[in-house]
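Beneath this line is the structure, given in structure tokens, with notes to follow.
Computed over heavy atoms, backbone and side chain alike; hydrogens, waters and symmetry mates excluded.
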Amino acid sequence: QLVEQGDDIAKLYQSKSPAEQHSVHLAWDLLMETHFEELRACIYTNQDELDRFRALLVNSVMATDIVDPELKKLRNSRWERAFRVDAAEQSEGEEQSQEDINRKATIVIEHLIQASDVSHTMQHWHVYIRWNK
């Protein structure tokens, strides 16, 4: 809708998931405010954890864009990579790497977020307006 209306937010994000990118931007700016310093210390303690958290946040919010065919294709390929059954890669009883576990957790979170996002259309209009301005 923002793209169709030529909204400034759509222009800012080159018409690529503008509502989702704007939500990430607002949430990140809010989290970075000084009065959330203790919360940030609970979420991450070093740059690697910060980078991982930011990627998880961005991927989760971008998962709510169900219109973009490129993002859908990317999510589907990541799901396939995380959950493909390939006996040559892992024999029964062999432990998964932390990277494999993280990949599976991330893609499951994205799909859960996407599923829950569909239900937000059932909220009252005043609630929608309040949280989406």
Side-chain angles (χ1 to χ4, degrees):
Q1 190 70 23
L2 293 173
V3 175
E4 290 174 12
Q5 294 176 351
D7 191 278
D8 289 341
I9 291 173
K11 292 173 187 170
L12 177 65
Y13 298 109
Q14 291 93 34
S15 299
K16 191 73 172 169
S17 305
E20 293 80 8
Q21 289 197 66
H22 190 61
S23 292
V24 169
H25 177 86
L26 293 176
W28 194 258
D29 283 354
L30 184 62
L31 180 62
M32 292 301 124
E33 290 181 3
T34 31
H35 58 274
F36 289 115
E37 188 172 335
E38 288 180 26
L39 174 61
R40 290 193 308 271
C42 293
I43 297 171
Y44 60 87
T45 58
N46 58 47
Q47 189 64 44
D48 287 341
E49 290 177 357
L50 170 63
D51 293 345
R52 174 82 177 125
F53 174 72
R54 172 115 177 135
L56 180 61
L57 173 72
V58 170
N59 288 341
S60 296
V61 174
M62 294 305 287
T64 65
D65 185 346
I66 58 174
V67 176
D68 188 318
E70 291 176 33
L71 288 175
K72 181 176 179 3
K73 184 178 178 181
L74 177 63
R75 275 191 302 274
N76 288 346
S77 69
R78 288 181 35 235
W79 181 274
E80 175 63 27
R81 183 174 176 206
F83 292 104
R84 71 175 175 254
V85 179
D86 190 344
E89 279 191 25
Q90 185 174 347
S91 61
E92 191 173 324
E94 182 181 340
E95 287 192 35
Q96 297 180 44
S97 71
Q98 189 62 48
E99 184 178 337
D100 289 339
I101 293 168
N102 289 345
R103 181 180 302 112
K104 287 179 179 180
T106 300
I107 195 68
V108 167
I109 288 169
E110 290 174 27
H111 278 78
L112 290 171
I113 294 283
Q114 186 180 68
S116 68
D117 184 58
V118 173
S119 69
H120 92 282
T121 60
M122 304 307 289
Q123 63 193 350
H124 290 283
W125 181 249
H126 72 276
V127 174
Y128 175 82
I129 291 299
R130 178 176 174 206
W131 289 104
N132 288 283
K133 280 208 173 207

List the residues meeting side chain to side chain donor-acceptor pair (under 3.5 Å) with [X], not counting sequence neighbours, and say none if there are none.
| X | result |
| --- | --- |
| Thr45 | Glu49 |
| Thr34 | none |
| His25 | Asp29 |

Counterpart residues, side chain to side chain contact (heavy atoms under 4.5 Å, CB included), relative to [X] (two or more places apart):
| X | value |
| --- | --- |
| Leu56 | Ser60, Thr106, Ile109 |
| Ile66 | Gln114 |
| Gln98 | Ile101, Asn102 |

Test of understanding: with salt bridge (Lys or Arg N to Asp or Glu O under 4.0 Å), list the residues that count as partners of [X], not counting sequence neighbours.
| X | value |
| --- | --- |
| Arg78 | Glu110 |
| Glu99 | Arg103 |
| Glu20 | none |

Exercise. Given a cutoff of under 4.5 Å between side-chain heavy atoms of I, L, V, M, F, W and Y, with clusters grown through shared members, what are the other residues clustered with Leu57?
Worked result: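 ILVMFWY cluster around Leu57 also holds Val24, Trp28, Leu30, Leu31, Met32, Phe36, Leu39, Ile43, Tyr44, Leu50, Phe53, Val58, Val61, Met62, Leu71.
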Exercise. Taking only residues two or more places apart in sequence or in another chain, which ones pass ring-ring contact (aromatic ring centres under 6.0 Å, His included) with His126?
Worked result: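 Per chain and number, His126 pairs via ring-ring contact (aromatic ring centres under 6.0 Å, His included) with His124.
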Exercise. Under a 4.5 Å side-chain heavy-atom rule over Ile, Leu, Val, Met, Phe, Trp and Tyr, are Ile107 and Leu112 clustered together?
Worked result: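 Looking at the clustering, Leu112 is in the same group as Ile107.
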Exercise. Quick one: salt bridge (Lys or Arg N to Asp or Glu O under 4.0 Å) pairs with a partner in residues 51-77, sequence neighbours left out?
Worked result: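 Pairs touching residues 51-77 that pass the test: Lys16-Asp68, Lys16-Glu70.
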